[in-house]
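To start, the structure under review is shown below, and the notes come after it.
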Amino acid sequence: MKKVLVLNGPNLNLLGTREPQIYGRETLADVERLCQQTGAALGLEVTCRQSNHEGQLIDWLHEAGREIAAGPMIGVVMNPGAYTHTSIALHDAIKGAGVTLIEVHLSNVHAREPWRRHSYISPVARGVIAGLGLQGYVLGIEALTRL
Ligand code: CA2
């Protein structure tokens with residue numbers, strides 16, 4: 001069975017607790033359940049992880065790169081949270097580990113503060129989905145199966 005890793009970055013563990021007008025009312029557990037259901041429907045093994053720590057996310061990206069190179073993993077769906085706009089280290093990890101990655105944002109980052117329009121992740125992502133809420137994760141997983 002092919003594998004997909006779903007990574008969520010900083011503060012996404014707070015989903016559903018604040019700013020529902022931007023991020024919706026669903027929790028991280030809802031996101032992860034939906035990803036699991038999507039994987040089950042597509043015959044994929046989906047693993048979901050969240051961390052508020054850049055180094056932990058980097059370690060998981062390196063692991064994913066090794067699994068992609070070895071064959072069982074088809075790619076990573078990642079919402080890097082605010083690290084999207086700051087992290088050269090995540091950019092380097094994705095590129096260096098050769099990770100096939102779909103960048104997902106719940107909100108439309110292009111319709112918000114100007115500084116949210118820049119992503120260090122997009123240049124090394126295979127694709128980018130923003131503004132579609134939880135459906136972005138579903139579409140990201142589906143996209144990996146079609147690449
Ligand atoms: O739209 C997205 O998915 C973001 O990646 C979410 C990040 C934000 O920094 C990006 O610009 C866009 C923020 C995640 C924090 O989510 C919270 C949810 C509820 C309460 C507090 C934070």
Side-chain angles (χ1 to χ4, degrees), residues 2-42 44-65 67-68 73-147:
K2 293 286 184 186
K3 292 160 81 169
V4 166
L5 176 65
V6 176
L7 282 184
N8 279 292
N11 297 311
L12 285 155
N13 55 313
L14 298 177
L15 265 186
T17 65
R18 272 185 256 149
E19 303 194 84
Q21 70 287 1
I22 298 175
Y23 299 119
R25 294 198 178 277
E26 288 93 351
T27 64
L28 180 63
D30 295 325
V31 171
E32 294 186 342
R33 197 174 308 115
L34 183 61
C35 290
Q36 294 293 352
Q37 287 168 357
T38 304
L42 295 169
L44 297 168
E45 182 186 322
V46 172
T47 302
C48 299
R49 297 192 198 283
Q50 186 273 333
S51 179
N52 296 321
H53 304 277
E54 198 173 24
Q56 176 64 83
L57 293 164
I58 289 167
D59 286 346
W60 286 334
L61 286 166
H62 289 176
E63 256 176 51
E67 289 205 61
I68 290 167
M73 186 171 285
I74 57 172
V76 175
V77 172
M78 182 173 195
N79 184 343
Y83 285 147
T84 304
H85 319 297
T86 64
S87 183
I88 296 169
L90 283 178
H91 170 113
D92 286 349
I94 294 160
K95 191 174 179 181
V99 178
T100 305
L101 183 137
I102 310 289
E103 177 185 349
V104 170
H105 299 285
L106 292 158
S107 64
N108 179 355
V109 284
H110 300 286
R112 299 181 63 191
E113 300 94 330
W115 48 266
R116 285 190 206 273
R117 290 184 202 145
H118 178 263
S119 168
Y120 280 102
I121 309 304
S122 299
V124 289
R126 183 69 172 74
V128 182
I129 300 169
L132 302 180
L134 268 60
Q135 285 307 312
Y137 292 85
V138 174
L139 295 169
I141 294 169
E142 285 177 359
L144 285 175
T145 67
R146 292 165 193 225
L147 292 175

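Order of appearance sets the numbers: ligands from 1, and atoms from 1 within every ligand. Worth knowing before you read on, the calculation uses all heavy atoms, side chains too, and leaves out hydrogens, waters and symmetry mates.
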Q. Could you go step by step and tell me if E103 and T84 meet the side-chain hydrogen bond (donor to acceptor under 3.5 Å, both in side chains) rule?
A. CA-CA 9 Å; E103 177 185 349; T84 304; 4.6 Å; no
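- Residue pairs meeting the salt bridge (Lys or Arg N to Asp or Glu O under 4.0 Å) criterion with at least one member in residues 112-139, sequence neighbours excluded: E113-R116.
- Proximity of V128 to S119: side-chain heavy atoms (C-beta onward) are nowhere separated by under 4.5 Å.
- Contacts classified as ring pair (Phe, Tyr, Trp, His ring centres under 6.0 Å) and involving residues 86-114 (residues at least two apart or in different chains) are not found.
- Counting only residues at least two apart or on different chains, the side-chain hydrogen bond (donor to acceptor under 3.5 Å, both in side chains) pairs with a member in residues 129-147 are N8-Y137, N79-Y137.
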Identify the protein atoms, limited to N or O, that lie within less than 3.5 Å of an N or O atom of ligand 1, and list each pair with its distance to 0.1 Å.
unit_1	atom_1	unit_2	atom_2	d
ligand 1	1 (O)	L106	N	3.3
ligand 1	1 (O)	S107	N	2.9
ligand 1	1 (O)	S107	OG	2.5
ligand 1	3 (O)	N79	ND2	2.8
ligand 1	3 (O)	L106	N	2.7
ligand 1	5 (O)	N79	OD1	2.8
ligand 1	5 (O)	H105	ND1	2.9
ligand 1	9 (O)	A82	N	3.4
ligand 1	9 (O)	R116	NH1	3.0
ligand 1	11 (O)	H85	NE2	2.7
ligand 1	11 (O)	R116	NH1	2.8

(Q) Would N52 and E54 count as a side-chain hydrogen bond (donor to acceptor under 3.5 Å, both in side chains) here? Give the steps. (A) CA-CA 7 Å; N52 296 321; E54 198 173 24; over 6 Å; no
